[in-house]
Amino acid sequence: MDRNNRKKRENGRDGILVLQKKQKWIGMKYGALTALYWMGFGFIVNYAAVQLQSRGISNTSIGVLISVSAVLSVLIQAGPASLVDRFRGVSIKLALGVMTVIVLAAGILYMECGESPLLLPAYAVMMAVTNAMSSLIYSMAMEYRNCRVDFNVGVCRSVGSFFCGTVCMLAGFLVRKHGAGILLPMMLVNDLLFLLTAASMENPRNYVEGNPETGGAPVKKGGGYTEFFRKYQGILLLMAGFTLLYMSGSALTSFQINVIRRVGGDEATLGIINGIGPYAEIPVMAGFVFLLSRFGSKTLLRVSTVFYILRILGYCFAGNPQILISVSLLQGVSYGLFTMSSVYYMNEITKPEDNAKGQALLGSVTTGFSSILASLLGGLLIDRLGVQAMLYVCVAFTAAGAALIWYCTAFRTERR
């Protein structure tokens, strides 16, 4: 028995060494995967209102569509995450591949259906699946990290921000010149490249029998979400804070063109803002590992909430496009810092067998529940009371979310 256990530990260490030798190549491919994902996200999510308004869809209908896609995203994220945690044969890259094929099929349907009733459902599926994929991409990074494959996740994410910003900026000018119809073909090509890159990623489970911290012993299978919430009591209150905080970002992403037109801007201004925002994330995300070593994920998470409040206040009281462009620089220290710190914080407070579910829950409340509330309220408020009313509501929700996060993180939460 001792000989068998020793052999398992040796096999686990050998697998880890193989992965570590490949870590530079793995990091480069993960950076490419992240860049392609966020470029696709920009085409589908950042330009959702532009694309749908070009088809004659009202703001209220767009809000409902985004809300429906957010509900679907929550449901979709729960499935792959639970399967990945429960079954060794279900890898993250397999789940990403299947989801990408679904996005491609929905995109082709959207392009070809004209004024068919399938138009809105096709776009809702594209948005839902694209949003759901983000938690799996972060889970992949944490899975490598837990196997001691040490590449800089922050730098990889900053590469995603750079390419997302570049594509969004160019897309704004292309839409003004050629119309919104140019966006979907670009997205389809991008997602095909994403599919090929995802297929090339190494699966850590093929090299390491189990978690390296247990010396190669088989990883304990995670349970369902009922067991998860029993194990991590109080996490729902923290997720409520995340939801309220993230609402302002969701509303600005969904209806940013309306905010811009309120102060005299147009699609070109939207392209500049959608470009500058991700660029502002680059130094924050590239230097995140250093910041994490100095301050810890909890402190960085709290700091990001302060900048979230300042950012939405800037949008609320901006009087011209130039001010909006300046305010978009805060995206780095608000959204960028929040994204990285929340991912690491969730990884720290959950056990390895619950990591995928934890990241899926995080994705559900940020790209899911927050989008539902922001889209329903945002579209309704804009059509009934105007853009300014929506911004005032966003300020209140952001402040409430920040307060909840500070309260929940005041108590030290550890893996049980």
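Residue numbers run from 1 in the order of the sequence given. As the structure is a computational prediction, the values presented were derived from the model and not from experiment.
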With ring centroids as reference points, do Phe338 and Phe307 lie under 6.0 angstrom apart? no

Quick one: does Asn190's side chain have a donor or acceptor within less than 3.5 Å of a partner on Met186's backbone? no

Tightest non-hydrogen contact, residues Met99 and Ala132, listed as CE-CB, 3.6 Å

Using side-chain heavy atoms (C-beta onward) and a distance below 4.5 Å, is Leu188 in contact with Leu104? yes

Taking Thr130's backbone N and O only, do any of them form a donor-acceptor pair with Tyr37's side chain (distance below 3.5 Å, no angle check)? yes

Ignoring hydrogens and angles, tell me if any N or O in the side chain of Asp191 forms a donor-acceptor pair with the backbone of Phe194 under 3.5 Å. no

Nearest-0.5 Å distance, CG of residue Leu245 to OG of residue Ser342: 9.5 Å

Residues Ser304 and Ser334: closest non-hydrogen pair is CB-O, 3.7 Å

Check whether any side-chain heavy atom of Val45 sits under 4.5 Å from a side-chain heavy atom of Met127, and report yes or no. yes

Between Tyr30 (side chain only) and Ile137 (backbone N and O only), is there a donor and an acceptor less than 3.5 Å apart? yes

Within the 4.5 Å heavy-atom criterion, are Tyr344 and Leu301 side-chain neighbours or not? no

Which heavy atom in Pro321 sits nearest to a heavy atom in Gly264, and how many Å separate them? CG-C, 4.0 Å

Ile323 side, atom CD1; Ser328 side, atom OG - distance, nearest 0.5 Å: 12.0 Å

For the pair Tyr345 and Thr409, evaluate side chain to side chain contact (heavy atoms under 4.5 Å, CB included) and give the outcome as yes or no after the intermediate values. CA-CA 10 Å; Tyr345 187 73; Thr409 55; 3.7 Å; yes

Met346 and Ser297: side chain to side chain contact (heavy atoms under 4.5 Å, CB included), yes or no, with the steps? CA-CA 9 Å; Met346 180 62 74; Ser297 60; over 6 Å; no

Roughly how far, to the nearest 0.5 Å, is CD1 of Ile44 from CE of Met126? 5.5 Å

What distance do Leu244 atom CG and Ile405 atom CD1 have between them, rounded to the nearest 0.5 Å? 8.5 Å

Whether the side chain of Arg311 engages the backbone of Leu330 through a donor-acceptor N/O pair (distance < 3.5 Å, no angle test) should be reported. no

Check whether any side-chain N or O of Lys93 sits under 3.5 Å from a backbone N or O of Ala198 as a donor-acceptor pair, and report yes or no. no

If you look at every heavy atom in Thr398 and Cys394, which pair is closest and at what distance? OG1-O, 2.7 Å

Counting C-beta onward and ignoring hydrogens, is there a side-chain heavy-atom pair between Leu404 and Leu238 closer than 4.5 Å? no

Any idea which heavy atoms bring Met390 and Leu381 closest together, and the distance? CA-CD1, 3.9 Å

With side chains defined as the heavy atoms from C-beta onward, is the minimum distance between Leu337 and Met285 less than 4.5 Å? no

With distance as the sole criterion, is a donor-acceptor pair present between the side chains of Tyr123 and Gln51 under 3.5 Å? yes

How many angstroms lie between atom CG of Leu52 and atom CG of Leu120, to the nearest 0.5 angstrom? 6.5 Å

What verdict does the side chain to side chain contact (heavy atoms under 4.5 Å, CB included) test give for Ile273 and Ile260, after you've listed the backbone C-alpha separation in whole Å, the side-chain angles of each residue and the deciding distance to 0.1 Å? CA-CA 9 Å; Ile273 290 175; Ile260 290 169; 3.8 Å; yes

For the residue pair Tyr335 and Trp38, categorise the inter-ring angle as parallel (less than 30°), tilted (30 to 60°) or perpendicular (more than 60°). perpendicular

Would you check if Met340 and Val284 make a side-chain contact, meaning some heavy-atom pair closer than 4.5 Å? no

Atom pair OG1 (Thr305) and CG (Leu300), whose distance is rounded to the nearest 0.5 Å: 11.0 Å

Assess the residue pair Thr339 and Glu281 against the criterion (side chain to side chain contact (heavy atoms under 4.5 Å, CB included)); give the C-alpha distance rounded to whole Å, side-chain angles, the decisive distance to 0.1 Å, and a yes or no. CA-CA 10 Å; Thr339 297; Glu281 297 170 8; over 6 Å; no

With a 4.5 Å limit on heavy-atom distance, are the side chains of Phe41 and Asn131 in contact? yes

Heavy atoms of Thr197 and Lys29 approach each other most closely as CG2-O, 3.8 Å

Close side-chain approach of Phe255 and Val387, heavy atoms under 4.5 Å: no

